[in-house]
Amino acid sequence: MSTLSFWEYLDSRHRQLLTDAWQHASVVFQCMVVATLAGVAIGVFTYRSGWAGDLATTSTATVLTVPSLAMIGLLIPVAGLGVPPTVIALTLYGLLPIVRNCVVGLRSVDPSLVDAANGIGMSRLTRLVRVELPLAWPPILTGIRVSTQMLMGIAAIAAYASGPGLGNEIFRGIASLGSRNALNQVLAGTLGIIVLALLFDAAYVVVGRLTIPGGIRV
Amino acid sequence: MSESHGASIELENLTKRYPGNAEPSVDDVTMEIRAGETVVLVGPSGCGKSTTLKMINRLIEPSGGRIRIGGEDVTGIDPVRLRRKIGYAIQSSGLFPHMTVAQNIALVPRMTGWPKARIRDRVAEMLDLVGLDPGEFRHRYPRQLSGGQQQRVGVARALAADPPVLLMDEPFGAVDPVTRVHLQDELLRLQRELHRTIVFVTHDFDEAIKLGDRIAVLRECSRIAQFDTPETILTSPADDFVSGFVGAGAALKRLDLSRVRDVEIAGCPTVTVDDPLRTVVDRLRSRGSRPGRPATGGGADELLLLDRSGRPSRWLRREDLTRARGSLTRAGVPVGGTVSHDATLRDALEAVLTDAAGRAVVTGRRGEYAGVVDMATLLDSVRGLLEADRLEALEALEPPHEPEEARTAPTHAEQKGPAGQATA
């Protein structure tokens with residue numbers, strides 16, 4: 001039996017590939033939502049104090065230095081196999097760029113604007129919601145974009161812990177190297193992830209257009 | 001809007017200490033600011049004038065002392081509520097770049113819960129008030145405005161909720177000099193309409209003279225070196241620190257504080273366009289043909305020609321008549337600079353200096369001829385004013401200051417004083 005061409009392979013496996021791609025996108029998206037909420041919350045609570053903000057960025061940076069394969073491996077005894085270790089690992093990795101950009105963004109709001117906000121009688125919460133977060137939103141959104149790109153790749157490793165997504169395709173291919181469809185499998189998984197990443201990025205451009213106020217859009 | 005006025009501000013032993021600093025930043029400031037008055041805090045950088053200002057709306061919490069606004073002690077009330085009743089304008093406008101002009105102005109009214117329709121009207125009203133067309137500007141973002149326009153919007157935002165008190169922290173510090181003059185004039189006009197209590201911080205003494213009803217000159221730790229009207233500070237600075245801050249040219253600056261109406265205005269021979277040519281020629285000839293005087297040149301044989309509504313139009317000389325026979329309206333030279341009764345003496349001096357013959361025509365409210373000022377009149381008046389200021393200041397001062405005052409400004413009357421004491 002001759003080797004299937006890549007297109008033939010895609011055609012014959014499209015059902016499986018679409019499911020994997022959907023699960024991949026879904027797990028990344030859900031982890032990003034959690035990471036964004038948690039990251040912005042951490043940023044908001046820590047940016048005003050020097051050491052807390054630094055601690056938040058340093059500790060999330062430390063997480064990033066742990067190889068993702070090792071991280072998932074370490075999580076298996078604690079969280080078991082499948083979805084839980086995947087979600088935990090992705091959320092932890094996703095935090096860093098968001099926390100850092102949130103802290104930096106909030107800290108770089110012009111002090112005279114904070115002064116003006118206080119001076120015209122805004123409460124702390126009003127100031128945060130109406131002035132500081134909107135002004136810090138462009139860097140936070142950049143953080144979210146960077147996180148998403150990163151998680152796209154890391155999510156592939158999740159297949160190691162029997163997690164969902166296109167990583168399964170890649171791992172299957174690597175496990176059966178030399179067999180007739182090994183290359184197609186790896187290629188399909190990798191290209192699928194790239195396509196997903198590009199689609200997400202395009203979505204973020206649209207989100208940016210819609211949510212960054214005209215006055216500060218560059 | 002015009003029915004609401006300013007509120008008085010009393011600062012009582014106001015002090016700010018920062019932990020770790022031996023010296024307080026603001027040391028025991030006591031000051032009473034009357035309702036509807038513009039008080040300028042002026043002093044060198046780092047003297048604590050900004051800190052003092054920010055303690056009034058408690059952006060900086062005082063370490064000691066009391067603040068009363070309109071008689072109410074506000075030292076302990078909720079600062080957020082307090083600040084909504086105090087307008088606040090800062091350097092570089094402090095507009096929020098992500099909000100439109102209208103959103104910026106609407107902030108305080110929105111926070112205090114005004115109905116939407118009223119806010120919309122108010123935004124238009126405030127833009128009108130600061131001289132910006134609401135239709136053109138309300139939907140712009142701050143970055144689409146010039147520096148001067150941003151500053152106007154900043155003032156509009158500060159005044160939007162109709163606060164009785166307006167605090168301004170070097171609001172015109174970041175704009176170019178020409179725009180600054182416009183903004184200052186604008187503020188003076190606004191204040192004539194609104195009568196708010198304004199506390200204004202600047203390090204520019206000229207700005208202080210121009211804007212302040214009273215000026216507080218502050219030295220380090222916000223200690224008040226002198227708190228008085230601009231006239232008094234210019235003519236009798238309390239000490240070397242104040243006179244150093246007033247700087248050179250106090251007498252010139254005094255010119256800004258007096259108006260043409262305060263000086264003696266001379267008359268000059270006039271004719272109107274309706275006078276028969278015969279009369280005009282006769283009046284010029286009778287002057288020009290006096291023995292011993294040259295027939296041409298010299299200001300004496302000049303007539304001021306007025307138009308039908310009595311406005312000055314041209315200066316006429318003898319030779320002009322012979323040259324432009326028959327038509328008075330084209331003879332002579334047109335009147336150059338005119339000044340109104342409300343012009344400052346500095347403006348009058350400017351007009352006199354630029355006029356070829358060294359005089360400026362003073363006009364009344366509708367531009368009608370009222371008299372003429374020339375260099376000699378101006379000089380006499382200014383000397384007189386300065387003299388009067390000095391005498392006034394001398395009366396107000398305690399005796400020990402008198403000789404010192406006499407030394408810095410030796411005049412006949414004052415020199416007699418100490419000399420008389422010495423011989424007695």
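More than 12 heavy atoms of other residues, nucleotides or ligands lie within 6.0 Å of CZ in B/Arg68, so this atom counts as buried by the packing criterion. Environment of CZ in A/Arg124: sparse, with no more than 12 heavy atoms of neighbouring residues, nucleotides or ligands closer than 6.0 Å.
Residue with the most contacts toward chain A among B/Pro142, B/Ala158, B/Pro79, B/Gly94: B/Gly94 (heavy-atom pairs, distance under 4.5 Å). Highest contact tally toward chain B, considering only A/Pro213, A/Ser123, A/Pro134, A/Gly214, is held by A/Gly214 [criterion: heavy-atom pairs under 4.5 Å]. Contacts with chain A were tallied for B/Pro163, B/Gly154, B/Pro97; B/Pro97 has the most, counting heavy-atom pairs under 4.5 Å. Chosen from A/Ala117, A/Ser112, A/Gly121, A/Ala116, the residue pairing most often with chain B at heavy-atom distances under 4.5 Å is A/Gly121. When A/Ile212, A/Leu135, A/Thr126 are compared by the number of non-hydrogen pairs under 4.5 Å with chain B, A/Leu135 comes out ahead.
Taking CZ of A/Arg130 as the reference point, atom CE of B/Met99 lies at 4.5 Å (rounded to 0.5 Å).
Using a 3.5 Å distance cut-off with no hydrogens or angles, the side chains of B/Tyr88 and A/Asn118 do not pair a donor with an acceptor.
Both the backbone and the side chain of B/Arg84 come within contact range of chain A, each with at least one heavy atom under 4.5 Å from a heavy atom of that chain. The contact between B/Leu95 and chain A is made entirely by backbone atoms, counting heavy-atom distances below 4.5 Å. With a 4.5 angstrom heavy-atom cutoff, B/Arg157 touches chain A only via side-chain atoms. Neither the backbone nor the side chain of B/Thr112 has a heavy atom closer than 4.5 Å to any heavy atom of chain A. Residue contact with chain A, scored on non-hydrogen atoms closer than 4.5 Å, involves the backbone of B/Ile86 exclusively.
Contact of the A/Met122 side chain with the B/Leu107 side chain is registered, since non-hydrogen atoms from C-beta on lie closer than 4.5 Å. Side chains of B/Lys54 and A/Asp115 form a contact here, defined as non-hydrogen atoms less than 4.5 Å apart.
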- Assess whether side chain to side chain contact (heavy atoms under 4.5 Å, CB included) is satisfied between B/Phe96 and A/Ile120, documenting all intermediate values. CA-CA 12 Å; B/Phe96 300 126; A/Ile120 65 171; 4.2 Å; yes
